[in-house]
Every structure is written in C-alpha cells, then in structure tokens.
2 protein chains.
Amino acid sequence: MTTIREIAQLCGVSVATVSRVFNQPLTVSKEKREVVERVARELDYRPNESARALATKRSGLIGLVWDTDHRRPGWRHPYLQELLIGLKSALSAHGYHLLMLATSGSAALRAVGASLADPVAYVNMTRRHHLGGLVLIDSGSDAPAFAAFAQSGLPCVAVDVDVDGPRATYVTSDNVGGAAMAVRHLVEAGHRRIATITGPRANRPAADRLDGFRAAMAEAGLAVPPEYVVEGDFYRPSGQSATRSLIALPEPPTAVFCAGDEMAVGALLAARHAGLRVPDDLAVVGFDDIELAALVEPPLTTLAQDKAGIGVAAARAVLTMVHGGEKPPPAFLPTRLVVRSSSR
Amino acid sequence: MTTIREIAQLCGVSVATVSRVFNQPLTVSKEKREVVERVARELDYRPNESARALATKRSGLIGLVWDTDHRRPGWRHPYLQELLIGLKSALSAHGYHLLMLATSGSAALRAVGASLADPVAYVNMTRRHHLGGLVLIDSGSDAPAFAAFAQSGLPCVAVDVDVDGPRATYVTSDNVGGAAMAVRHLVEAGHRRIATITGPRANRPAADRLDGFRAAMAEAGLAVPPEYVVEGDFYRPSGQSATRSLIALPEPPTAVFCAGDEMAVGALLAARHAGLRVPDDLAVVGFDDIELAALVEPPLTTLAQDKAGIGVAAARAVLTMVHGGEKPPPAFLPTRLVVRSSSR
DNA sequence: TGAACGCGTGAAACCGGTTACAAAGAAAGG
DNA sequence: CCTTTCTTTGTAACCGGTTTCACGCGTTCA
C-alpha cells in the first residue's frame with residue numbers, strides 16, 4: 001500500500017503538502033499539485049480510510065438500522081429492495097457508504113455487555129465507527145426503540161415511522177394526499193357510500209391515510225358513518241374480515257379504500273366469496289402498489305409510492321444533518337394513483 | 001470518548017496492559033485485569049474501531065457488492081430481504097458488520113478516477129477500508145465483473161453465480177436436485193409430456209436446473225423433444241410468451257417446469273389467456289417460492305429455496321477465508337418442494 | 001548455586017493520515 | 001525602501017489503538 005509519506009518523499013515535498021493536495025487542493029501551488037497528483041496516480045495511491053477516520057473523527061459511513069422485529073416473525077418490508085437502491089445510490093453520490101450494523105448475537109456487542117436489539121448498542125457502534133448518522137427502517141413495530149434513537153442526539157432519519165428528536169426526522173409518502181386522491185377518484189366514479197379499512201392506529205402512515213380519507217370525504221360533502229371505518233393491521237386476513245363485516249351492514253358501502261394493498265387483496269377475496277362483482281358491486285382501492293396489485297383478478301387500483309425516492313430523500317436528510325445543516329422537516333413524497341380494474 | 005490512555009492512567013498501568021486486557025486477557029494477571037475491566041465499564045469505554053483497524057489492518061467489515069445492473073433495469077432480486085437477514089445475522093454472530101459499498105456516482109470513486117460499476121473500484125474500497133472480504137450478490141447478468149472479483153485474490157463469496165478464484169467460492173441452492181424433484185412430482189401426478197422454460201444459458205442456476213430436469217426425465221424414461229425446452233430470461237413476459245408457444249405446439253405439453261417463479265406466473269397468465277385451466281389442462285411448477293407464488297391464482301407449486309440459509313452459508317464461507325481457512329467448496333443448499341394448486 | 005526459562009509488564013515505535021503553528025518568500029501599501 | 005499582509009510550505013504533534021522488545025522477577029533444572 002502506497003502511503004502519503006512515500007509520495008512525499010518521491011515528490012520532494014512534505015506529507016502535509018500531499019495531504020493538502022487531496023483535501024484542499026487550492027492551497028497548494030499548481031506545480032506541486034500536479035506533480036503529487038501524477039505520482040499518486042502512478043503509484044495507484046489509495047488513502048487509508050481508517051487513518052483518515054481516526055484523524056478526522058469522520059468515517060464517511062452511514063449506519064443502517066434494520067432489525068427484523070422478533071415480535072412479528074412473518075413481517076417483510078413491502079419495498080426494501082427499492083428503498084435500498086434509492087438509499088445507496090444517493091449516499092454513493094456523496095461518497096458515503098452504508099453500514100448494516102450487526103445486532104443480535106454479535107460477539108462484539110456481547111463483549112461490552114449490550115443486550116440484544118438495544119438502541120444503546122447501536123449508538124455505541126455509531127461512536128466506535130465514527131458513523132455520521134443512522135437510517136432507521138421500520139421493522140414492524142419497534143417504535144419505542146426508534147424513539148430512543150431519536151433522543152440520542154445523533155443524526156437519524158426514520159422511514160415510515162414518525163420520530164422526533166434533536167437531530168431526528170423522518171421520510172414517508174404523502175399519505176394524506178394519497179388517500180384523498182383515492183377518495184376523489186371514487187367520488188368521480190360516482191360513489192357516495194365509501195368505507196375505509198385502516199392500518200393500526202399507532203402507525204403514522206395509517207393514521208395519515210385515515211386523515212386524508214376523512215378530509216376528502218368532507219370536501220366532497222359525504223358523510224362517514226362510524227361503521228364505515230374499520231381498523232385492520234395491514235395483513236390480508238384483516239382486510240378480508242373487515243370487508244365481510246362492511247358487506248353485512250344494513251347499508252353497505254359501494255366502495256372501500258384500503259390503507260394497504262395486502263388488505264385490499266383481502267377485500268377482493270371477501271367480495272368474491274360474497275358473490276359481489278368488483279368493481280360493479282364493490283369498488284376497491286389499495287395503497288402501496290405492491291407487485292401483487294397488478295396480478296390479482298381484477299387488477300387493483302392503488303396508490304403507488306415513490307419507493308426509491310423515499311430512499312433518496314432519507315439519504316439527503318441524513319447527509320444534510322451530517323454536514324451540519326439544520327434538521328430537515330419530515331418529507332412526504334408524492335404518491336401516484338394507478339387506476340386498474342378494481343375501481344371505476 | 002474514553003481512551004485506553006485514560007484507563008491506563010486511572011488504573012496505574014501502561015496502555016499496553018489495557019490493550020491486552022481486551023485482546024489477550026489471559027496474558028494479564030487476574031488482579032490488573034479486573035481493575036481494568038471495572039474502570040472500563042465505569043467509564044463506558046468503547047474501543048475506537050478506526051484506530052484498531054489502522055493498527056491491525058483488519059476492520060471487522062465485510063463488503064457487500066450489489067449493483068443494480070443497468071443493462072436490466074427492471075431486475076429485482078427474488079429474495080434479497082431473506083438473504084440479507086441470513087447474511088447479517090450470521091456475520092453479526094461473529095462480530096462482523098456488512099458494508100454496502102458505494103458504487104456509481106460516488107464522488108470518492110470519481111476522485112480517484114475509477115469508472116462506474118468497476119470491479120477495480122470495489123477492490124480499492126476493500127483496501128481502503130481494510131475489508132476482510134466481499135459477498136457478491138447476483139444483480140442480473142454481470143458475471144464478467146464477478147470473475148474479475150474472483151481473480152482479485154481477496155476472499156469473496158458469490159450468491160447464485162458460479163465463480164472461481166484463489167480465494168473465491170459460491171453459494172447457491174441445489175438446483176439440480178430441486179429441478180429433479182419438480183419433475184418427479186409431475187411424473188407422479190401422471191404427466192408424461194413435460195416441458196421446461198429455462199433461464200439464460202449463461203446463468204449457472206439456470207443451467208443446473210435444466211440439467212436436473214433432463215436427468216430426472218431420463219430417469220423416468222421420458223423423452224424431451226427439443227421444442228419442449230424453451231429459453232427464457234427469468235422475467236415474467238418471457239415465461240408468458242414461451243408458454244404461448246408451447247401451447248401452440250402440435251403436441252403440447254401437459255405440464256411445464258419453469259426455472260423461476262416470475263416466469264411461472266407468466267405461464268399462468270398465458271394459460272389463462274388461452275382458456276386453459278391450471279392444473280387440469282396445464283400443470284405449472286416454478287422455482288424460488290417468491291412471495292407472489294402463494295398469492296397468484298391458482299397458487300403456484302414451486303421449489304422453495306432456503307433463502308436465509310443461503311445468506312448464512314455465504315457469511316460462513318467468507319468468514320472462513322477471512323480467518324485464514326481454506327477456501328470452502330461451493331455450497332448447494334437443499335430445496336423444498338411446496339405443492340400448491342398449480343399442479344397435481 | 002548458577003544458568004535457563006517463563007511470565008507479567010512497560011516503554012516506545014508504529015499504523016497512515018490531518019492539522020496547528022511557525023517560518024520563509026512574495027506581493028502590496030505607505 | 002521598509003513594513004505589512006498573503007501565500008505556500010514544512011515540522012511536528014496528534015488521533016487511539018496494537019505490538020515488538022527488553023527487563024525484572026520467580027521457578028525449575030542441572
């Protein structure tokens with residue numbers, strides 16, 4: 001490995017000059033700079049990041065916290081891959097790498113007496129590795145842990161979880177606007193009796209989608225009887241049973257907006273079992289645009305999230321703080337209505 | 001941040017002793033060891049990983065190479081999430097972290113004149129960050145780049161790509177055995193005219209699945225006319241069009257084994273469009289057991305891969321080499337036949 | 001009793017960068 | 001022409017660990 005000292009010697013300059021060439025090129029005279037650059041290229045010089053991190057206390061690494069929540073074993077992130085793509089490419093563009101932090105079972109963590117899935121353990125890793133900040137990915141339901149991160153004072157950005165702290169913010173879709181779009185779409189199609197199946201109340205996106213639903217209904221001058229709002233849990237069975245109960249109402253809705261595509265698929269199944277035609281007897285709109293949405297019968301009208309965009313926004317937010325900027329306000333990325341055959 | 005020197009001073013010992021307490025505890029007398037450990041705990045000491053990496057030239061980080069191949073924009077890894085879970089947890093168990101390396105557009109890479117998606121750039125990052133080794137995830141079709149990694153001499157383990165090199169090996173499913181299982185299942189269900197839709201010939205798992213298919217057909221004494229073997233590309237449309245052409249044959253097959261679930265879903269669509277009932281008119285078996293497989297109509301019979309297990313095996317293999325062990329032979333993890341309604 | 005050995009320990013060099021500070025030289029101002 | 005200021009450069013300390021080497025001491029063996 002070529003070092004800065006070898007280059008210095010070969011060029012007949014000091015190590016400080018060589019270092020400056022790479023960090024503050026303008027403070028070095030043109031001649032010396034060019035010599036150093038040429039020699040560095042010839043020797044295939046690569047700065048040692050460990051040494052650099054040691055000296056500057058900055059590592060160019062952003063931590064990724066993504067624990068699979070043991071309380072919800074079957075949980076899968078609905079768009080992890082796209083999220084990572086966006087996150088990684090935006091970080092790359094600024095020369096940062098993404099470090100997936102070790103968690104449960106880590107010998108290193110055990111050695112320092114850290115308990116599993118412990119925010120403290122992560123914060124430690126952050127210190128140990130000079131991480132600039134953290135990106136937190138929703139792993140089902142560990143909001144309390146996330147709050148602990150947010151309070152830790154180091155830059156962190158959560159995805160789809162509502163956190164706040166001195167240097168903590170979050171990124172999610174414009175759930176309010178998306179839900180409102182769904183309602184307007186249904187209203188334009190002539191529906192008047194529109195119900196909704198929500199996600200868990202404690203979940204921020206779920207709550208926002210309900211707010212958007214209510215707002216758009218009010219705007220359209222439509223009433224929302226309490227029995228038209230049923231709480232689900234984002235999983236399919238809850239959508240199916242909720243729809244069953246909606247259908248059984250004395251005055252059943254003609255359309256249902258589901259806060260998640262999985263639940264919407266459940267709604268389609270319930271409708272089919274009840275002998276209802278979709279969309280003629282019951283229109284269904286979902287949220288997320290998961291892969292399945294286009295494949296079910298009938299294909300599902302839904303709100304597509306800008307999945308990679310959310311990753312990019314998270315990267316931007318964390319980098320802003322890492323670079324000393326103000327904590328950015330929460331970002332709400334626009335959603336897009338994808339009209340398929342389950343509504344009209 | 002507490003440092004080793006502060007602890008040394010407080011304990012009245014040298015920094016060397018403190019360092020030894022954490023690295024070779026047995027070489028330090030019991031009394032001093034306990035004092036140091038107690039003080040370290042009280043001061044909440046955390047070793048500085050940058051300093052440690054600088055001194056030892058080892059970082060406790062494993063690089064993850066996962067480029068979205070620009071030549072195949074829509075490409076999605078069929079089981080990235082589970083793979084990462086397995087990978088991460090196995091690495092964590094040994095105190096290692098996973099570093100997702102920056103790629104295209106990286107300012108840091110541009111600064112050293114590296115071209116995008118360049119194996120050389122990754123190898124540089126490996127040197128710069130003192131990475132122990134690399135895990136390569138198939139990103140569609142960049143086998144040539146993977147070969148370059150494999151030749152670089154640093155420990156690397158590829159997932160689902162057939163590489164070889166001084167310290168390079170790979171992990172994949174038992175594709176031969178899985179395909180054979182699929183065939184035997186169809187034969188037992190009474191099928192005699194069985195076709196297959198393969199993946200790209202250059203792809204190792206695709207080739208193995210074809211081999212397994214052929215072997216099991218021969219074993220069952222069944223002929224495989226050339227027109228019963230159609231090459232696809234793992235994407236859904238290719239499965240759809242391949243199935244269309246199979247259906248149009250003078251003597252169409254009664255069952256089709258698809259080398260990937262996405263293509264199998266395409267097969268289902270083609271069958272539906274042709275008015276064929278699945279499985280009565282055409283049985284379909286896929287491979288991968290992606291999430292979608294259980295959700296399509298009819299649910300897909302497929303070969304489930306041990307997705308997390310593949311991640312674990314990859315982690316084990318790379319750690320073996322990192323710790324100076326022999327290059328492990330390629331690992332072929334068993335698959336499991338999941339019988340659903342698309343075959344019988 | 002003296003040589004050989006092993007153990008525990010500390011001093012100091014080292015890993016490869018960054019940066020505060022001082023100094024030398026060049027340019028600008030009076 | 002002398003002083004002041006700016007630019008460029010080098011020296012050396014520093015970041016926080018690890019590790020080599022030598023030394024002192026207590027055992028063991030001949």
Side-chain angles (χ1 to χ4, degrees), chain A residues 1-37 39-40 43-61 95 108 111-112 124-131, chain B residues 1-37 39-40 43-61 95 108 111-112 124-131:
Chain A
M1 284 285 286
T2 339
T3 74
I4 214 176
R5 282 168 229 269
E6 297 177 43
I7 296 179
Q9 195 170 5
L10 258 76
C11 296
V13 300
S14 72
V15 294
T17 300
V18 178
S19 177
R20 285 188 196 103
V21 167
F22 297 116
N23 297 302
Q24 312 138 28
L26 298 179
T27 69
V28 178
S29 70
K30 192 151 172 279
E31 306 86 55
K32 302 221 173 190
R33 197 191 327 148
E34 284 169 353
V35 174
V36 169
E37 278 168 348
V39 172
L43 294 186
D44 193 29
Y45 167 72
R46 308 290 165 185
N48 180 320
E49 296 297 337
S50 304
R52 185 190 276 246
L54 176 59
T56 60
K57 303 182 190 305
R58 280 175 275 111
S59 69
L61 303 182
V112 296
N124 285 337
M125 297 320 288
T126 308
R127 281 164 50 190
R128 291 167 64 137
H129 288 275
H130 296 300
L131 301 188
Chain B
M1 284 285 286
T2 344
T3 74
I4 213 174
R5 282 168 229 270
E6 298 177 45
I7 296 179
Q9 196 170 5
L10 259 75
C11 298
V13 300
S14 72
V15 294
T17 300
V18 178
S19 177
R20 285 188 195 106
V21 167
F22 298 117
N23 297 303
Q24 310 138 26
L26 298 180
T27 69
V28 178
S29 69
K30 193 153 169 277
E31 305 85 58
K32 303 219 173 191
R33 200 195 319 152
E34 284 170 354
V35 173
V36 169
E37 279 168 349
V39 172
L43 295 185
D44 193 30
Y45 167 73
R46 308 290 165 185
N48 180 318
E49 297 297 337
S50 304
R52 185 191 277 247
L54 176 59
T56 61
K57 303 183 191 305
R58 279 176 276 112
S59 68
L61 303 182
V112 296
N124 285 337
M125 297 321 286
T126 307
R127 280 165 49 190
R128 291 168 66 137
H129 288 275
H130 297 302
L131 301 188

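Chain naming here is simple, since letters A, B, ... match the order of the sequence lines and numbering starts at 1 in each. In this text, all values refer to a predicted model and were calculated from it rather than measured experimentally.
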S.K.: Between A:R128 and B:R46, which heavy-atom pair has the shortest distance, and what is it?
M.R.: CG-CB, 3.8 Å

S.K.: Below the 4.0 Å mark, does C:dG10 have OP1 or OP2 next to a side-chain nitrogen or oxygen of B:S14?
M.R.: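 True: B:S14 side-chain N/O within range (under 4.0 Å) of C:dG10 OP1/OP2.
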
S.K.: Could you check A:V18, A:I7, A:V13 and say which one makes a side-chain contact (heavy atoms from CB on, under 4.5 Å) with A:V39?
M.R.: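 Single side-chain contact (heavy atoms from CB on, under 4.5 Å) partner of A:V39 among A:V18, A:I7, A:V13: A:I7.
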
S.K.: Would you tabulate the pairs of protein nitrogen or oxygen atoms and nucleotide nitrogen or oxygen atoms of nucleotides 18-25 of chain D closer than 3.5 angstrom?
M.R.:
unit_1	atom_1	unit_2	atom_2	d
D:dT18	OP1	B:N23	OD1	3.4
D:dT18	OP1	B:N23	ND2	2.8
D:dT18	OP2	B:S19	OG	2.3
D:dT18	OP2	B:N23	ND2	3.1
D:dT20	O4	B:R20	NH2	3.3

S.K.: To the nearest Å, how far apart are B:H129 NE2 and C:dG17 P?
M.R.: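 So the NE2-P distance, B:H129 to C:dG17, works out to 13 Å.
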
S.K.: Respond yes when some side-chain nitrogen or oxygen of A:K57 is under 4.0 Å from OP1 or OP2 of D:dG16, and no when none is.
M.R.: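 For D:dG16, OP1/OP2 do have a side-chain N/O of A:K57 under 4.0 Å.
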
S.K.: Mind calculating the distance between NE2 (A:H130) and C1' (D:dG16) to the nearest angstrom?
M.R.: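 These atoms are roughly 8 Å apart.
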
S.K.: Are any of A:S50's side-chain N or O atoms less than 4.0 Å away from OP1 or OP2 of C:dG17?
M.R.: no

S.K.: Specify the separation, in whole Å, of atom CG of A:L26 and atom C1' of D:dT9.
M.R.: 16 Å

S.K.: If you define the side chain from C-beta out and look only at heavy atoms, does anything of B:P25 sit under 4.5 Å from B:R33?
M.R.: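 They are in contact (side-chain heavy atoms under 4.5 Å apart), so the answer is yes.
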
S.K.: Within a strict 4.5 Å, meaning less than it, do heavy atoms of the A:E49 and A:L61 side chains meet?
M.R.: no

S.K.: Rounded to whole Å, please give me the gap between CG in A:N48 and P in C:dG17.
M.R.: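 Rounded to the whole Å, the gap is 5 Å.
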
S.K.: Round to the nearest Å and state the distance from B:Q9 atom CD to D:dG17 atom C1'.
M.R.: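 It is 17 Å, rounded to the nearest whole Å.
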
S.K.: Find out whether B:T3 and B:N48 are in side-chain contact, i.e. whether some heavy atom of one side chain is under 4.5 Å from a heavy atom of the other.
M.R.: no

S.K.: Answer yes or no: does a side-chain N or O of B:K30 lie under 4.0 Å from OP1 or OP2 of C:dG8?
M.R.: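 Negative; the distance criterion is not met.
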
S.K.: Take B:L54 and B:E31, find for each the nucleotide of DNA chain C with the closest heavy atom, and name the residue whose nucleotide sits nearer the 5' end.
M.R.: B:E31

S.K.: Are the side chains of B:S19 and B:V15 in contact, using a 4.5 Å heavy-atom criterion?
M.R.: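 With C-beta onward as the side chain, the pair stays apart.
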
